[in-house]
Amino acid sequence: MDTILDNLNPEQLAAVTLPSQSALILAGAGSGKTRVLTTRIAWLLKTGQVSTSGIMAVTFTNKAAKEMLSRLSVMFPVNARGMWIGTFHGLCNRLLRTHYQDAALPQSFNILDSQDQLSTVKRLLKTNNIDDDKYPPRNLVYFINHAKESGYRASHVEPQDDYERKMVELYSLYEDQCQREGVVDFAELLLRSYELLERNQTLREHYQDRFRHILVDEFQDTNNLQYKWLKLLAGNDSSIFAVGDDDQSIYAFRGANVGNMLSFQQDFNVQNLIRLEQNYRSHGNILEAANTLIAHNRNRLGKNLHTDAGEGEPIRICEAPSDLNEVQWILEEVNHLIREGMERKQIAVLYRSNAQSRVIEHGLFSAGIPYRVYGGLRFFERAEIKHAIAYLQLIDNPANNAAFLRVVNFPARGIGARTIENLQEMARMHDISLFEAIPYVSGKGGTALGSFIRLIQSIRAEVQPMNLPTLIQTVLEKSGLMMHYQTEKEGADRLENLEQLVSAAMLFLSEEGFSQEAPALMTEAVTPAGEKSMLTVDEVMDADVPLSMIMSPLSAFLTHASLEAGENQAQEGQDALQLMTVHSAKGLEFDAVFITGLEEGLFPHENSAREDGGLEEERRLMYVAITRARKRLYLSYAQTRMLHGHMRYNVSSRFVAELPDKTMKWLTPKKQSSYLNPRHEPTARFDQSSVPQMQAPASFHKNSEWRIGETVIHKKFGEGVIVGLEGQGANVRANINFGRHGMKLLDLSIAKLEHAS
DNA sequence: ATCAAATTTATTTTT
DNA sequence: TAAATTTGAT
């Protein structure tokens, strides 16, 4: 008992041992947040206040959920079965699988990931003959998700204008289509389970009664629907232990609402607000910089981090003439750190947007320094894996038209667009799935479709008794996917990934406690007669029903594929420099951190100026970046930078000017807070000899060469008239009317023009 | 049905 | 610049 509370500081101890009331823990960066969360659970269990089944712990990422579980099992011999520890989406999935009938879902509903959702919407627009220039699929997806995350069904949305009226109508059609096809998108998991509990008093009271303690990680990231969901589940008697940091709220752009922290204090009459301000991560200078920076934000609950560690090294900052020089400087400093004995994986290079990684990678590559870039395609998002998954989904749920369309002609089997159109027409006429509509299609297309249906059915029959890995292997072979990639010249990697899918399935079964040998298509609850033993509602709810009782191994694996897209980092394990956006660095820490591209327009990003609260969110982002560093912090910016094929001339970020002088060491001469007066002298102090220099574009000294009204000749477009000139220096662009080719805006440093004499 | 050319567009991202 | 998507041609 005592041992788990050992070494907690007074605030942590207070938080862990709070009475059973709702509480808000303001946990600063590096203040031992996860420790408090897991110790709280262990303490509740050890003091006998609650049993494992009475606890729910919610996180945003699978990684965080796993981390919590593994740290908990060190402190307490956990029966993982009974505890509901998982992501919002994972827990909602569990609710919906358990009560699929009450939720009006088929037992084996499939989950759409964002890619799937977008293609579903595109298909919807096409079948309804909607002009997708007028109603872009992306906008519709945004509209739908936004509505769902506010808790609104199509019927609840009050359209403000004709455009919205149409969007609502399409939202409604989308709802119908998903329902028909037995698929559910991410937001739907939340909304559907919210509605389930709201509508069904028995269920609601059961779960409210059961989960006496609900713990929420990263509370500042909750969206409105997640907050409503928590409120509903907590009812009047359960307590919510919410841990979060308003200063680290960086996901407003995807619906996170920091305001939930304030609402929570009111709605739950929170008496206990505890601040964890003791930082165990960073040296003093780094913390002071972070504190000073974030103090520029107006809307805060307020918090100041402190440390027992000394002030440590100063923060080193460099103004580079160009992005190339900036990288050169990073290289020098990195080599220095490595020579001092720092591990490469303890060094992170952070940037605001992914596009910035290119130059950095290039530099590291040339210098032969191993690095690892975070982000990019994850395992289950790869095309070949998505194809394989689609075959599996079709076997799991034949109504899934998205899956059907993805593979009906992949590998190619002569089923063309025309045939598909006929099929879709038939499906619509008879109100059935594409799969069921096949017999209605006659002619050549009908024959090809006929063999497809026979293929799927024969696979399904063959696969009936198989366990999951064997089933997948069989599907890969019989579908022709293997053969397809064997014959494709660049298919080797893809084949390897497909093989990995089989191993992923094996790993999944053992991790989730499924029997390795059970038939993949059936749940374990099978009587000797082969009939499903129906659990009563009470049994389902009261017993701690393992996932394997409510989902077949196949359904469970498909869910896993959608909800946990897998690793997105290459070459794990190697000692390599870490490259990532500031967003993906959240939650991580490193001995040394480089924050690059500290320029107005980049960081803070220019687009953020248009959103309200945008600048404060950018500043929080900077705060997150700074607080990643343990011992060393490096900042840099460049006077010129190549972006989207154009040269950009940036001034330094206001965030640089907001940092306290005494914590900084300038490696280039310091400028007067240059973001306030954009015109400044270029520095000549930088050694540029080792760096390829940008050549000044031909039109650099004003564009006397070209005049408005002049006729010019272009290789492709022929004769045209200059109607406008804009920009300066390298940025000169000309608006030229090329008659039948229309108006073109050409970059004069790139386009080759001739004067028409 | 497939590939090449043209056009467009470029924050941040987990589930 | 470069990647992704759409259009157009064979």
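Numbered from 1 within each chain, the chains take letters A, B, ... in sequence-line order.
Two residues are said to be in side-chain contact when any heavy atoms from C-beta on lie closer than 4.5 Å; A:Gln248 and A:Arg620 fail this criterion. A:Phe380 has its side chain within reach of A:His560: a pair of non-hydrogen atoms, C-beta onward, lies under 4.5 Å apart. In this structure, the side chains of A:Tyr637 and A:Ser653 stay at 4.5 Å or more apart for every pair of heavy atoms.
Here the nucleotide nearest the side chain of A:Arg352, chosen from B:dT13, B:dT15, B:dT11, is B:dT11. Among the nucleotides B:dT12, B:dT13, B:dT15, the one closest to the side chain of A:Ser353 is B:dT12. Here C:dA3 is the nucleotide among C:dA3, B:dT11, B:dT15 with the atom lying nearest to any side-chain atom of A:Arg358. Candidate nucleotides B:dT15, B:dT11, B:dT12 were compared by shortest atom distance to the side chain of A:Phe186, and B:dT15 ranks first. Minimum atom distance to the side chain of A:Tyr251 is reached by B:dT13, of the listed B:dT13, B:dT15, B:dT2. Side-chain proximity of A:Arg378 to the nucleotides B:dT14, B:dT2, B:dA10 is greatest for B:dT14. Listed nucleotides: B:dA10, B:dT13, B:dT2. Nearest to the side chain of A:His583: B:dT13.
The CZ-P distance, from A:Arg648 to B:dT11, rounds to 10 Å in whole Å. The CD atom of A:Glu149 sits 15 Å away from the P atom of B:dT14 (whole-angstrom rounding). We find that CZ of A:Phe410 is positioned 14 Å from C1' of B:dT2, with the value rounded to whole Å. The interatomic distance linking A:Leu118 (CG) with B:dT14 (P) rounds to 17 Å, in whole Å. Atom-to-atom, NE2 of A:His605 to C1' of B:dT13 comes out at 15 Å; the value is rounded to the nearest Å. Look at CD on A:Glu188: it is 14 Å from C1' on B:dT15, rounded to the nearest Å. Rounded to whole Å, atom P of B:dT15 lies 8 Å from atom CZ of A:Arg254. Distance CG (A:Leu615) to C1' (B:dT11): 15 Å, rounded to an integer number of Å.
Remark: the separation of the C1' atoms in B:dT11 and C:dT6 is 24 Å, to the nearest Å. Between C:dT5 and B:dT12, the two P atoms lie 15 Å apart (nearest whole Å).
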Could you go through A:Asn260 and A:Gln226, starting from their C-alpha distance and side-chain angles, then the distance that decides it, and tell me whether this counts as side-chain contact (heavy atoms from CB on, under 4.5 Å)? CA-CA 10 Å; A:Asn260 286 341; A:Gln226 286 159 340; over 6 Å; no
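The side chain of A:Ser584 contributes no N or O atom lying less than 4.0 Å from OP1 or OP2 of B:dT12. For A:Asn354, a side-chain nitrogen or oxygen approaches OP1 or OP2 of B:dT13 to under 4.0 Å. Between A:Asn62 and B:dT15 there is a side-chain polar atom (N or O) within less than 4.0 angstrom of OP1 or OP2. Note on A:Ser114: every side-chain N or O is 4.0 Å or more away from OP1 and OP2 of B:dT14.
Annotation for A:Ile595 and A:Ile626: closest pair CD1-N, 3.8 Å, computed over non-hydrogen atoms. The minimum heavy-atom distance linking A:Val408 with A:Arg413 is given by the pair O-NH1, 3.0 Å.
Residue-to-nucleotide proximity on DNA chain B shows that, of A:Leu621 and A:Gly414, the 5′-proximal contact is made by A:Gly414.
Looking at A:Asp217 and A:Lys33, a side-chain N of the basic residue comes within less than 4.0 Å of a carboxylate O on the acidic one, giving a salt bridge.
Aromatic stacking of A:Phe253 on B:dT12: satisfied, with centres closer than 5.5 Å and planes within an angle under 30 degrees.
Residues forming a side-chain hydrogen bond (donor to acceptor under 3.5 Å, both in side chains) with A:Arg97 (at least two apart in sequence, or on another chain): A:Asn93, A:Thr559.
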Given Watson-Crick and G-U pairs under 3.5 Å, DNA chain B in dot-bracket ([ ] crossing, | other strand) is ||||||||||.....
